[in-house]
Amino acid sequence: SLAWKVELPGGGHSSPVLWGEKVFLTASGGDQGGIALLCIDANDGRTHWKKDFSLKPFRLHKFNTFASATPAVDAERVYILYNEPGRLVLAALDHEGKSVWERDLGPFLSQHGPGVSPMLHDGMVIVAHEHGDSNAIRENTNAKSFIMAVNAKDGKTIWQTPRETLSVAYSTPCVYESEGKKALIFNSEAHGIYAVDPADGKVLWEYNKAFDKRSVSSPVVAGDIILGSCGSGGGGSFVTAVKAGKDPQLAYNIRKSAPYVPTPVTVD
């Protein structure tokens, strides 16, 4: 049976995240702009607090919202990404809703609006800021594409790795482990499926032929196989599976009934 139900101050495509008995999620003000981060009691649905962030409305894809990035949470803080065209903001709050730090990561250029989410690894917040397209980047010299890690405690940059751009990537990175060594896996049209050393941001290997369109879904790890997808609203979506390693190899493609936006899961 339904335990509780609560009306939110707006819509959104972000997923809720849970820490202990607290649920954190974002909601959008719709056409009015603005975004809110809420902390809701997991037991009874009470709203512990709501933090509002200023956001000027801008043109979105008709199926998108301003609140499409899922928060990340650890024992001390919750982290959110939100953007206007002129700035991508990464913010950290404590579990009581007090602001801890905030970073302006520069312009975020996209036809469709927000989507990529932050993720946590070993005390760092990892952000994939691969945006715009080659023409848009050339026309806006301040709009750099990069991936980065910041210290979760204070938001200071630990490393930042420049990236090329063909189209905006909405793929949230994940962790791949082999022989006791961990790597961060990213997806984008420009660089395909690639692995990065979490300590310094150095690219370990790259299969840049993985995609020929925008990558929206996040990478999925199945043993030594890593899967990602690309696509467009006009069709032609497909999944690429790569065998991970210093010399990554194509394992197979799935070109029928392939996801464009959703991230799949692996079982067994």
Side-chain angles (χ1 to χ4, degrees), residues 11-15 28 30-31 57-70 81-86 88 105-119 127-140 143-147 162-174 185-195 206-222 225-242 248 250-266:
H13 292 313
S14 59
S15 297
S28 165
D31 293 340
F58 59 93
R59 183 180 178 275
L60 295 173
H61 189 282
K62 63 180 180 180
F63 294 140
N64 201 3
T65 74
F66 295 112
S68 286
T70 295
L81 271 175
Y82 67 95
N83 72 273
E84 299 168 340
L88 177 70
L105 304 182
F108 181 85
L109 306 179
S110 168
Q111 295 175 304
H112 298 90
V116 68
S117 303
M119 61 90 72
V127 177
H129 187 28
E130 300 184 71
H131 65 117
D133 57 44
S134 55
N135 289 330
I137 296 293
R138 278 196 294 268
E139 292 170 4
N140 188 333
K144 306 299 184 183
S145 272
F146 54 83
I147 56 175
R163 299 277 76 191
E164 298 297 324
T165 294
L166 291 176
S167 62
V168 63
Y170 289 114
S171 181
T172 299
C174 71
I185 304 298
F186 295 80
N187 288 350
S188 71
E189 181 183 358
H191 295 279
I193 297 174
Y194 66 98
E206 180 175 298
Y207 185 78
N208 60 11
K209 297 176 286 187
F211 311 122
D212 63 6
K213 300 178 186 69
R214 179 187 302 111
S215 188
V216 180
S217 72
S218 299
V220 173
V221 175
I225 298 294
I226 299 172
L227 302 98
S229 73
C230 69
S232 70
S237 305
F238 61 88
V239 170
T240 295
V242 170
L250 176 67
Y252 56 85
N253 289 120
I254 301 172
R255 295 187 177 273
K256 188 176 181 180
S257 302
Y260 164 35
V261 174
T263 298
V265 297
T266 56

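These values consider heavy atoms only, across backbone and side chains, with no hydrogens, waters or symmetry-generated copies.
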Requested in this report: Over all heavy atoms of both residues, which pair between Phe66 and Pro57 is shortest? Give the atoms and the distance, please.
Outcome: CZ-CA, 3.7 Å
Query raised in the report: With sequence neighbours excluded, what pairs up with Glu84 under the salt bridge (charged side-chain N to carboxylate O under 4.0 Å, His left out) test?
Result: Arg87
Query raised in the report: Closest approach of Pro264 and Val220, non-hydrogen atoms and distance?
Result: O-CG2, 3.3 Å
Query raised in the report: Under 30°, 30 to 60°, or over 60°: which ring-plane class applies to His61 and Phe63, parallel, tilted or perpendicular?
Result: tilted
**Report entry** Passing option when Leu227 is tested against Asn187, Val239, Thr263 for side chain to side chain contact (heavy atoms under 4.5 Å, CB included)
**Finding:** Val239
**Report entry** Ile193/Phe211 under side chain to side chain contact (heavy atoms under 4.5 Å, CB included): CA gap, chis, key distance, verdict
**Finding:** CA-CA 8 Å; Ile193 297 174; Phe211 311 122; 3.6 Å; yes
Requested in this report: Given side chain to side chain contact (heavy atoms under 4.5 Å, CB included), test Leu81 with Leu88 step by step and report yes or no.
Outcome: CA-CA 7 Å; Leu81 271 175; Leu88 177 70; 3.9 Å; yes
Query - Non-hydrogen atoms of Cys230 and Lys213 that approach each other most closely - result: CB-O, 3.5 Å
Report task. Go through the steps to decide whether Lys209 and Leu250 satisfy the test side chain to side chain contact (heavy atoms under 4.5 Å, CB included), and finish with yes or no. Result -> CA-CA 9 Å; Lys209 297 176 286 187; Leu250 176 67; over 6 Å; no
Query - Student check: side-chain heavy atoms of Ser171 and Pro219 closer than 4.5 Å - result: yes
Query raised in the report: Do Ser229 and Ser217 have side-chain atoms, one donor and one acceptor, less than 3.5 Å apart?
Result: yes
Query raised in the report: CG of Asn64 to OG of Ser28: how many Å apart, nearest 0.5 Å?
Result: 9.0 Å
Query raised in the report: When rounded to the nearest 0.5 angstrom, what is the spacing between NE2 in His191 and OG1 in Thr165?
Result: 7.0 Å
**Report entry** Mutual orientation of the aromatic rings belonging to Phe186 and Tyr194 [parallel < 30°, tilted 30-60°, perpendicular > 60°]
**Finding:** parallel
**Report entry** Counterpart residues, salt bridge (charged side-chain N to carboxylate O under 4.0 Å, His left out), relative to Glu164 (two or more places apart)
**Finding:** none
Query raised in the report: Does the side chain to side chain contact (heavy atoms under 4.5 Å, CB included) test come out yes or no for Ser215 and Glu189, once each step is laid out?
Result: CA-CA 6 Å; Ser215 188; Glu189 181 183 358; 5.9 Å; no
Requested in this report: With sequence neighbours excluded, tell me which residues meet ring pair (Phe, Tyr, Trp, His ring centres under 6.0 Å) with His13.
Outcome: none
Query raised in the report: Is there a donor in the side chain of Ser68 and an acceptor in the side chain of Tyr170, or the other way round, less than 3.5 Å apart?
Result: no
